[in-house]
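Naming: A, B, ... by sequence-line order, numbering from 1 per chain.
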Amino acid sequence: MTDLFVADRAAWLRAELHRYAEAYYTHDAPVVPDAEYDRLFRELQSIEATHPELRTLDSPTQRVGGSALKELQPVRHQVAMLSIETETDTTAGGAEAFDARVRRKLELAEDAPPIEYAAELKFDGLAVNLRYEDGVLVQAATRGDGEVGEDVTHNARTIRDIPLRLRDDKLPIPRVLEVRGEIYMRRDDFERLNERQRERGEKTFINPRNTAAGALRQLDPAISAQRPLSFFAYGSGEILDWNFAPQTHAEFVQALADLGLPVCEHHSVAQGAGGLVEFHEYIAALRDQLPFDIDGVVYKVNSLALQRQLGFRNREPHWAVAHKYPAQEEITELLDIEVQVGRTGAITPVARLKPVFVGGVTVTNATLHNEDELRRKDVRIGDWVIVRRAGDVIPEIVAAVAERRSGSERQFVMPTQCPVCGSHVVREEGEAIARCSGGLACRAQRVQALIHFAGRRMMDIDGLGDRYIESLVDFGYVESPADLYRLKLEDLLEMKQRADARDGVTPETVLNGKIATKWAENLITAIANSRRPPLARLLFALGIRHVGEATAKMLAEYLGSLANVRSAPRAVFAALPDIGQVVAEALFDFFDEKNNERVIDALLEAGVAPADEHPPAAKLAPRLATSELLAHAGIPKLTEIRAKQLAAQVDSLGKLLALTPLERNALDLPAEVLGELNTWLQHEQNSAALHALDAWCTQILASVPQSDESASARFAGKTFVLTGTLPTLSRDAATALIEANGGKVSGSVSKKTHYVLAGSEAGSKLDKARDLGVTIIDEAGLLALLEAPAQA
DNA sequence: TAGCCTCGAGATCC
DNA sequence: CTCGAGGCTA
């Protein structure tokens with residue numbers, strides 16, 4: 001054979017195999033016998049073996065083959081993979097609540113026409129992102145934490161539902177198209193697989209979902225290829241240069257089908273809450289006949305423009321919701337109720353159950369949340385209880401079966417002392433949660449704090465599991481997070497040996513000794529690699545009371561550096577969005593506390609440093625306006641309005657502090673307010689705090705980027721009201737843009753409104769703006785205002 | 001000041 | 001996932 005001939009033959013084989021595979025898998029109508037397919041397939045394989053240069057990425061042979069990997073590689077998603085909010089009400093009310101939320105967010109009138117929704121199934125599988133470049137599958141990744149997933153391209157290629165190449169006969173192919181969908185296992189495939197496992201005397205799998213998850217994360221694609229996985233597409237990630245612009249979600253899904261991607265046939269466009277309820281009921285009736293498991297249905301606002309307008313909250317879109325079906329329930333015995341101590345000392349009662357198989361897994365524990373909850377349900381030790389998996393995930397005790405009581409059941413008593421450290425358990429007035437007062441002196445709290453620190457969404461130290469952390473603390477190798485960075489290989493090996501000995505794990509063989517060394521080396525590397533986290537993750541990892549992921553992100557964005565966060569006065573925290581007195585106090589106290597200072601300094605010394613520090617955001621400046629600071633400084637009686645009034649007269653904290661008591665009395669403020677202000681300022685610590693606040697702000701404001709600062713003044717003091725749909729900006733984006741430039745966005749039009757930013761389908765706010773004679777601008781007008789030279 | 005909306009915290013199972 | 005509580009808004 002000449003090389004030219006071979007190349008032609010390979011191309012022809014590839015095309016034929018693609019055609020057959022598509023006929024078989026997508027249209028379920030084989031055009032050639034399996035034997036013929038196999039024969040052509042093997043021919044192509046052998047050509048590629050002798051002519052590796054002819055092997056293409058989209059060759060059908062690439063579905064199987066390739067060698068086992070050492071570990072899955074992390075992949076950063078170009079567009080974050082969000083999760084979907086679950087509507088808790090499994091009745092029709094759930095759909096109605098979602099529709100009502102959407103209408104409220106869009107500020108629709110009562111009698112406005114119904115919203116159009118795309119309704120789909122919620123598959124019980126794993127979300128993946130498939131990346132096609134110029135129509136060729138180049139990468140498949142799991143969701144991971146939403147930001148970074150794992151590369152499972154080698155396994156995805158073995159899934160026949162997943163086209164290696166998009167078809168271009170109906171629609172143009174984008175340069176880049178990321179398709180999101182679900183990898184799952186059909187019920188019959190699962191049964192057949194288990195059948196085969198049984199025949200071979202190998203272990204059977206528990207449920208399709210976990211089997212699919214396990215298969216997808218196999219390192220060796222040959223194993224994955226033997227697990228029958230399927231795929232449905234339903235969403236998008238990054239899309240670049242596509243000569244086609246869908247206007248609705250339904251159109252987009254149709255486009256996916258036109259490109260040759262498998263799309264589930266059970267989907268529908270529904271009108272309003274009524275349409276959603278209808279779909280929910282229709283699928284409920286169909287559920288048992290489906291060839292795969294679902295755990296509910298998903299509703300999405302159909303119009304992509306409305307989706308943009310609705311925007312996102314922390315990790316979930318506002319325009320989609322999952323609506324599940326009532327969970328399956330089982331009955332079992334409650335053997336005991338134990339308590340656990342959390343990171344903040346919270347004492348939580350947990351039910352130990354006689355193992356029961358419910359909703360696809362064996363449940364042995366279930367949380368009882370707190371004492372009140374436990375009393376409300378009147379659950380006693382020894383009771384027969386009804387158990388379900390809430391939202392098909394979290395085990396939950398629904399109720400006790402009172403009729404089955406024998407009389408020997410015991411009431412649970414909340415301990416008065418911490419079961420771990422013996423400190424007093426206190427339950428604050430009006431709080432539902434009892435807490436161990438031991439603080440970090442309590443071993444449980446130290447362990448939990450470290451587990452939190454190392455967690456995936458915090459410092460993300462891979463391989464440092466809960467059990468090892470516990471042992472590290474128990475044997476005294478680690479006290480605080482900084483100690484992790486000082487661990488040596490020998491420490492880890494020694495710790496493991498002691499832990500194994502204590503837990504009665506069989507003694508290590510020579511071979512195992514080697515594996516342990518490898519394990520320890522990996523762990524040391526993982527710890528070292530975690531030293532340059534984004535600032536937000538580091539702040540979250542510190543475990544400050546009331547500071548979770550969202551608040552940490554906000555702090556990082558506004559303040560920019562760890563030093564700025566550490567040094568910020570209480571009033572500054574309180575002036576930031578979503579932070580009130582309670583959280584501001586918690587933040588300030590945390591950084592003020594000596595022990596925490598030491599921990600942070602030790603971390604810095606160990607080489608831990610945020611990788612993304614930057615100057616404070618321009619939008620910080622308006623938050624540090626004198627009126628804002630005064631309103632949050634904790635001066636009694638000084639309400640927001642009074643603070644503004646005062647700020648207008650003194651215009652800086654420094655000026656206020658420089659006033660003599662006599663001059664202060666001349667200020668135009670109600671006597672009562674003035675009196676409180678004077679008394680407050682007489683306390684030296686208060687005036688000192690105000691001085692410090694002034695100094696801090698002056699210094700920080702000087703470091704806000706110059707260009708941004710001039711821009712930030714652009715909308716200073718201007719109030720905007722948004723209405724309708726803007727052509728390109730989402731509501732959130734427009735708000736962010738205005739705020740970044742020092743403006744304020746308010747909800748309703750009044751005399752004080754400077755601009756009404758109106759898009760299409762603007763509502764009553766536009767009329768009101770006309771009535772009041774407020775300037776009305778559109779998106780282009782807003783952008784023009786930003787670009788125009790600063791006005792007087 | 002009440003009522004909504006979000007966020008934080010804790011727990012489960014593989 | 002669920003609950004409680006903090007923050008914002010009307």
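No engagement by A:Ile433 is indicated, since no non-hydrogen atom pair under 4.0 Å with the nucleic acid exists. At a threshold of 4.0 angstrom between heavy atoms, the contacts of A:Arg388 with the nucleic acid are absent.
Between A:Asn370 and the phosphate of C:dC3, there is no side-chain N or O to OP1/OP2 separation shorter than 4.0 Å. The side chain of A:His452 places no N or O atom within less than 4.0 Å of a non-bridging phosphate oxygen (OP1 or OP2) of B:dG10. Taking 4.0 angstrom as the limit, A:Thr362 places none of its side-chain polar atoms (N or O) nearer than this to OP1 or OP2 of B:dC13. Contact check, A:Thr348 against B:dA11: a side-chain N or O comes under 4.0 Å of OP1 or OP2. Proximity of A:Arg343 to the phosphate of B:dA9: a side-chain N or O atom is located under 4.0 Å from OP1 or OP2. Remark: A:Lys377 is not in phosphate contact with C:dC3, judged by side-chain N or O atoms under 4.0 Å from OP1 or OP2. OP1 or OP2 of B:dG10 has at least one side-chain nitrogen or oxygen of A:Thr344 nearer than 4.0 Å. Distances shorter than 4.0 Å separate some side-chain N or O of A:Lys324 from OP1 or OP2 on C:dC1. Between A:Thr551 and B:dC7 there is no side-chain N or O to OP1 or OP2 distance below 4.0 Å.
Qualifying side chain to side chain contact (heavy atoms under 4.5 Å, CB included) partners for A:Arg375, counting only residues two or more places apart in sequence or in other chains: A:Glu371, A:Gln411.
Comparing B:dT6, C:dG6, C:dC1 by their nearest atom to the side chain of A:His318 picks out B:dT6. In this structure, of B:dC5, C:dC3, B:dA11, it is B:dA11 that holds the atom nearest to the side chain of A:Gln340. When each of B:dC13, B:dA11, C:dG6 is scored by its nearest atom to the side-chain atoms of A:Val582, the top-ranked nucleotide is C:dG6. Here C:dG4 is the nucleotide among C:dG4, B:dG10, C:dC1 with the atom lying nearest to any side-chain atom of A:Ala432. Of all nucleotides listed (C:dG4, B:dC13, C:dT2), C:dT2 comes nearest to the side chain of A:Glu396. Checking B:dC4, B:dC7, B:dA9 against every side-chain atom of A:Ala550, the shortest atom distance belongs to B:dC7. Checking B:dT6, B:dA11, C:dC3 against the side-chain heavy atoms of A:Val350 singles out B:dA11 as nearest. Side-chain atoms of A:Val363 lie closest to B:dC13 of the nucleotides B:dC13, C:dG6, C:dC3.
Note: CZ (A:Phe573) to C1' (C:dG7) measures 17 Å, nearest angstrom. Remark: P of B:dT12 and CG of A:Asn365 are 5 Å apart, rounded to the nearest angstrom. Here the C1' atom of nucleotide B:dT12 and the CD atom of A:Gln448 are 14 Å apart, to the nearest Å. Between the CZ atom of A:Phe357 and the C1' atom of B:dC14 there is a distance of 12 Å, given to the nearest Å. One interatomic measurement links the two molecules: CG of A:Leu555 to P of B:dG8, which rounds to 10 Å at whole-angstrom precision. Counting to the nearest Å, the P atom of C:dG6 and the CE atom of A:Met554 are 16 Å from each other. Between A:Arg435 atom CZ and C:dC3 atom P there is a gap of 17 Å when expressed in whole angstrom units. Remark: P of C:dG4 and CG of A:Asp372 are 7 Å apart, rounded to the nearest angstrom.
Between the side chain of A:Tyr558 and the main chain of A:Lys553, no donor-acceptor pair closer than 3.5 Å is present. Panel note: side chain A:Arg209, backbone A:Asp124; no donor-acceptor pair is recorded below 3.5 Å.
Within a 6.0 Å radius of CG in A:Asp462, no more than 12 heavy atoms belonging to other residues, nucleotides or ligands are found.
Residue A:Gly543 is the one, among A:Gly543 and A:Pro395, whose nearest nucleotide of DNA chain B lies closer to the 5' end (criterion: closest heavy atom). Nearer the 5' end of DNA chain B, as judged by each residue's closest nucleotide, is the contact made by A:Asp578, out of A:Thr367 and A:Asp578.
For the pair A:Asp378 and A:Arg380, the salt-bridge criterion is met [side-chain N within less than 4.0 Å of a carboxylate O].
Heavy-atom minimum distance, A:Pro481 versus A:Val599: CD-CG1, 4.0 Å.
When side chains are defined from C-beta on, A:Val572 does not count as touching A:Arg570, because their heavy atoms never get closer than 4.5 Å.
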